[in-house]
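Shown next, in structure tokens, is the structure this report addresses.
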2 protein chains.
Amino acid sequence: MDEIVFRPLHTVACKVRCSSCNLREICLPVGLTREEMAHVDSIMVVGQRKVARGEALVHAGDRFDSVFAVRTGFFKSVITSSPGRQQITAFQTSGELIGLGGIDTGRHEVDVVALEDSQVCVIPYGELEALGRAVPSLQRQFHRHLSREIAADHEAMMQLGSMHAEERVAAFLLNLVHRLETRGFSSTSVLLRMSRDEIGSFLGLKLETVSRTLSKFQTDGLLFVRQRQIQITDPVGLKQVLEPAAA
Amino acid sequence: MDEIVFRPLHTVACKVRCSSCNLREICLPVGLTREEMAHVDSIMVVGQRKVARGEALVHAGDRFDSVFAVRTGFFKSVITSSPGRQQITAFQTSGELIGLGGIDTGRHEVDVVALEDSQVCVIPYGELEALGRAVPSLQRQFHRHLSREIAADHEAMMQLGSMHAEERVAAFLLNLVHRLETRGFSSTSVLLRMSRDEIGSFLGLKLETVSRTLSKFQTDGLLFVRQRQIQITDPVGLKQVLEPAAA
DNA sequence: CGCGAACTTGAGGCGTGTCAACCCCTGTGG
DNA sequence: CCACAGGGGTTGACACGCCTCAAGTTCGCG
């Protein structure tokens, strides 16, 4: 009811430059030369958008015309088929691209919701395509991002299809911590941005099972849990949860 | 022990032309004009390769330098993490691309195995990239294929994460039949190319559960099963398995 | 300070996994 | 042409992991 009313609903027409972004080593333009990045900056109009916690960045069914790169914050992508049936397909954080599943049909296939106040770059897909033709290494990086999402989805399928609850939760935590570590955060301490229910939706488990599993890990001395704050005390032990029969 | 010995292990250096391929309306070059397709034919060296039933097209860890388009036959893509833990991530048939998950790392992440004697086009990735720059609509189609795989993986995650056994099997059959229908096959009759065990691996179920579920569908009058031959007698009923509470 | 949402923990039920026996189909060799 | 072997498929009995339902606690936010 307050400031939300005044915030524009769509893209802020404020130009953002990749070359001066602190995510340039993680995000779309990884590995571009200074000149290439300057070229990208000069041609591609990248807008910026803020999304408040709980708000949707895109809705399923929306026309697809841009991909989004997370600058700051945390998002979930949720697919809904039959009413009531929902599945979180990914959690995205800084430097990760959102909306890639919509290129094919021209419509977004997921709802994307901010889990905390966040900021994204809005990258018009048409411009990205055109610029990819002019800057091969940008094209290459875009393809790598698409491919990375495919490989990540396969890993998620592996977890959903062939792991027990403890293994799924362990894999989830290790994956999350690893991604955060790449971004300069602690490798042993995480503040979860998502609820137990959301973790469960991603892992194909109920929230109670997630909660119980975290409690068990604490009992087993692998980590400390206090609500959404997690401190991993035995990273090796946590990895061993994934090894079927350790020596 | 017979002719297999004489079949070259790698790509047959035989040029294949997209323009004269009967899959051109389904495969990578969908929607290209006659001129564009001629251009593609003249530049891109697409090899061909035969893969016998049970043989691997690629192994996980292999250097990635080509994507493959299925011409004829059927494949499974299997990801293996910890020894013993396996997950089939997809079944591919004619017109579908294989190996897209390997672009990012430069190594294939899956084993791809033929489920019947098959033929693929070998599309060198470097050439595809270059040609995409020259032919925008080819680039667009390639992106759409990448995006389609992402969306398909999300659908698979939805099945694995939030459906019961009956729903998964029904969704699997409907998806399979739909894809085959697009290729001109019957929408009610399928000859499964994969074993119960392989279906189970894809769906996150045990082979016994797959078998039981198919039997139950038969008892319920939705279909006839005889080994790998399936005749869908009540397509509407089968779809209703996916609707939580039908009227 | 108090309400509601999120989380934890317990008890019991159900769906799918496990283990095992049997059947069917195919291919092979006598 | 039949016997046999073997892999794939079916079916049953039972076990167990996760879900369901429910009560109680903690935390965050207005």
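All chains are named by letter (A, B, ...) in the order of the sequence lines, taking the proteins before the strands, and each is independently numbered beginning at 1. Side chains are part of it too, since the values below use all heavy atoms of this structure and drop only hydrogens, waters and symmetry mates. Since this is a predicted model, take the numbers as computed values, not measurements.
In summary, the side chains of Q86(A) and T80(A) do present a donor paired with an acceptor at a separation below 3.5 Å, with no hydrogens or angles considered.
The distance from atom NZ of K216(B) to atom P of dT16(C) is 11 Å, rounded to the nearest whole Å. Atom-to-atom, CZ of F217(A) to P of dT8(C) comes out at 13 Å; the value is rounded to the nearest Å. Nucleotide dC25(C) holds its C1' atom 14 Å from the CG atom of L191(B), rounded to whole Å. Taking atom CD1 of I199(A) as the reference point, atom C1' of dC7(C) lies 11 Å away to the nearest angstrom.
When side chains are defined from C-beta on, E109(B) does not count as touching F64(B), because their heavy atoms never get closer than 4.5 Å.
The CD atom of E96(B) sits 4.5 Å away from the CZ atom of R183(B) when rounded to the nearest 0.5 Å.
When T188(B), V190(B), L173(B) are each tested for a side chain to side chain contact (heavy atoms under 4.5 Å, CB included) with L223(B), only one passes: L173(B).
Contact record, S77(B) with Q92(B): OG-NE2, 3.1 Å, taken as the closest heavy-atom pair. F202(B) approaches Q87(B) most closely through the heavy-atom pair O-NE2, 3.3 Å.
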Item to check | Footprint string (nucleotides 9-18 of chain D, 5' to 3'): B base within contact, S backbone only, - free, heavy atoms under 4.0 Å | outcome: SBBBB----S

